[in-house]
Number of protein chains: 2
Amino acid sequence: MLAAERREHLLALLARTGKIVAKDVAADLGISEDSVRRDLRDLAAEGLCQRVYGGALPASPAVVDYDARRAVAPEGKRKVAAVAAALVRPGSSLILDGGTTALAVAQALPQELTCTVITHSPTIATALIDHPGAELFLLGGRVFKHSAVTCGAAAVEAAQNVSAELCLLGVTGVHPEAGLTTADADEAAMKRALAARAADTYILASFEKIGTASPYRVLPWEKITGLITDADPHDTVIGRLRALGVKTLTAE
Amino acid sequence: MLAAERREHLLALLARTGKIVAKDVAADLGISEDSVRRDLRDLAAEGLCQRVYGGALPASPAVVDYDARRAVAPEGKRKVAAVAAALVRPGSSLILDGGTTALAVAQALPQELTCTVITHSPTIATALIDHPGAELFLLGGRVFKHSAVTCGAAAVEAAQNVSAELCLLGVTGVHPEAGLTTADADEAAMKRALAARAADTYILASFEKIGTASPYRVLPWEKITGLITDADPHDTVIGRLRALGVKTLTAE
DNA sequence: AAGATACATGCAGAATCGCGCAACAACCGG
DNA sequence: CCGGTTGTTGCGCGATTCTGCATGTATCTT
């Protein structure tokens, strides 16, 4: 495993779970605790995390506060979510991924819009409960706590029984070579299963995801219909993606 | 659990509830009171809390999150929930119904209790996400928005694939003649399906439910192991239930 | 005043840390 | 192709930190 890749993994883990236990990560990745500690020391030196006895915590404590994050989606995510929500036609059905960006999409759906929302995120489901027009279908399974979605065999199986016009997926990394990536293998598999059940699949990626990569590949470029982002259309990475044939919808 | 993480937890708890009882937190987190006391001493030294006999109070008074306080269950439900939570053995699995009383049970489960919680409520699942010891399994299906749980054929089918030692069910009515009742037929069916998958089934019913009835029958008395309530044990309705052979656990 | 509860302190075992060292691979100029 | 350089990784070791228990003291309750 590449050192830089490992550091990405650590940051992703930190962002998702709010903590890192050096011992556990070392065991998970099959490397020594020393390497993990060294990485954490470096990341802390760059101000990307806070080193504590036994592991590390996020540099900004608010990052993991789910309620706070839920309350106010960052500007970028809101813009991406607005564009995504506009893709949902009245009466159609939508497969909506978990994560904060997808949550922003749920909040951006017009109240009167009648549609069917299929999701594997209890958080998304909860957010849409007082949404009068939305019919909700929840995909069950083991709950992957770090990102608050159901994952694993049962969830993938449940996904086989649904289908929809549109699928909106969040990822943690969008990179020309590495592709669309996320921080967990099970989650990547679940996202693939969701995308496979929809006619069109769009990726939600606010600008900070562009040009970054996480350990696990989600989908090849051919399998997606387009990318929704608020990154500058003239950004070099965006340019390279376009050259690869990726359709990009820019949120202004 | 990381030491620094524990301190974060204490501060968060302090901000949310406005007080910390060393004994309770130690029990919740499965650590010794000494550690809690040491943490509180350190936090107080940094001016982040005010140390008092038995626990701690916020350094700056009156900064309690009122939303959080409003979310706290009424006294009766909390007492019922505490008794119910005490029935969950470490390492066992639990089927937990939706509803506010069940939510109170989720909140009453000790943080460090390792158990498997199976639920059809996205709300319950969300509430247990930052519960380190709990393995979560969510039963999917169409979301019945009125009570924020999954219902219907798919949900009942999903329930067939799980089983547990204990099932805790909420109802809206407990009446000697009408039996255990609820307001929706699909929901009643779902509750039956859940109860059928557990060795023991207890009904959660705070005192205001006792003696009332709703349109749809959930279960006959024979199918339940007992009733958990905070109603007066000498109440006439409770007496009649006992005469019917219903075991009642009284929450004090 | 007496018992119960909470507290501070000291101690021992365990976990974690930082540092130096050696092995190893990648890289680079000749 | 080759030897030197550089950077990374894992391991060992002593130092540091954390944690739970035991003990004696302080504080609260009845």
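Predicted model only: the values in this text are computed from it and were never measured. Every heavy atom of this structure was used, including side-chain atoms; hydrogens, water molecules and symmetry mates were not.
Taking CG of B/L13 as the reference point, atom CG of B/D24 lies at 9.5 Å (rounded to 0.5 Å). Rounded to the nearest 0.5 Å, atoms CG (A/L10) and SG (A/C49) are 8.0 Å apart.
Between A/E177 and A/R240, at least one side-chain N (NZ, or NE/NH1/NH2) sits under 4.0 Å from a carboxylate O, which counts as a salt bridge.
Going from atom CG of A/D42 over to atom C1' of D/dT9 covers 13 Å, rounded to whole Å. As a whole-Å value, the separation of A/D39 CG from D/dT8 C1' is 10 Å. The nearest whole Å value for the distance from the CG atom in B/L2 to the C1' atom in D/dT17 is 13 Å.
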Kindly indicate, with the supporting measurements, whether the criterion side chain to side chain contact (heavy atoms under 4.5 Å, CB included) is fulfilled by B/L94 and B/E165.
-> CA-CA 6 Å; B/L94 161 69; B/E165 280 94 11; over 6 Å; no

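Put simply, the side chain of B/R242 reaches to within 4.5 Å of the side chain of B/T248, judged on heavy atoms. Two residues are said to be in side-chain contact when any heavy atoms from C-beta on lie closer than 4.5 Å; A/Y216 and A/V218 fail this criterion.
Contact annotation: A/S35 side-chain N/O to D/dG10 OP1/OP2 distance is under 4.0 Å. Proximity of A/R6 to the phosphate of D/dT9: a side-chain N or O atom is located under 4.0 Å from OP1 or OP2.
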Protein-to-nucleotide contact annotation, 5' to 3' order, nucleotides 13-27 of chain C [B base; S sugar-phosphate only; - none; under 4.0 Å, heavy atom] | --BBBSB--------

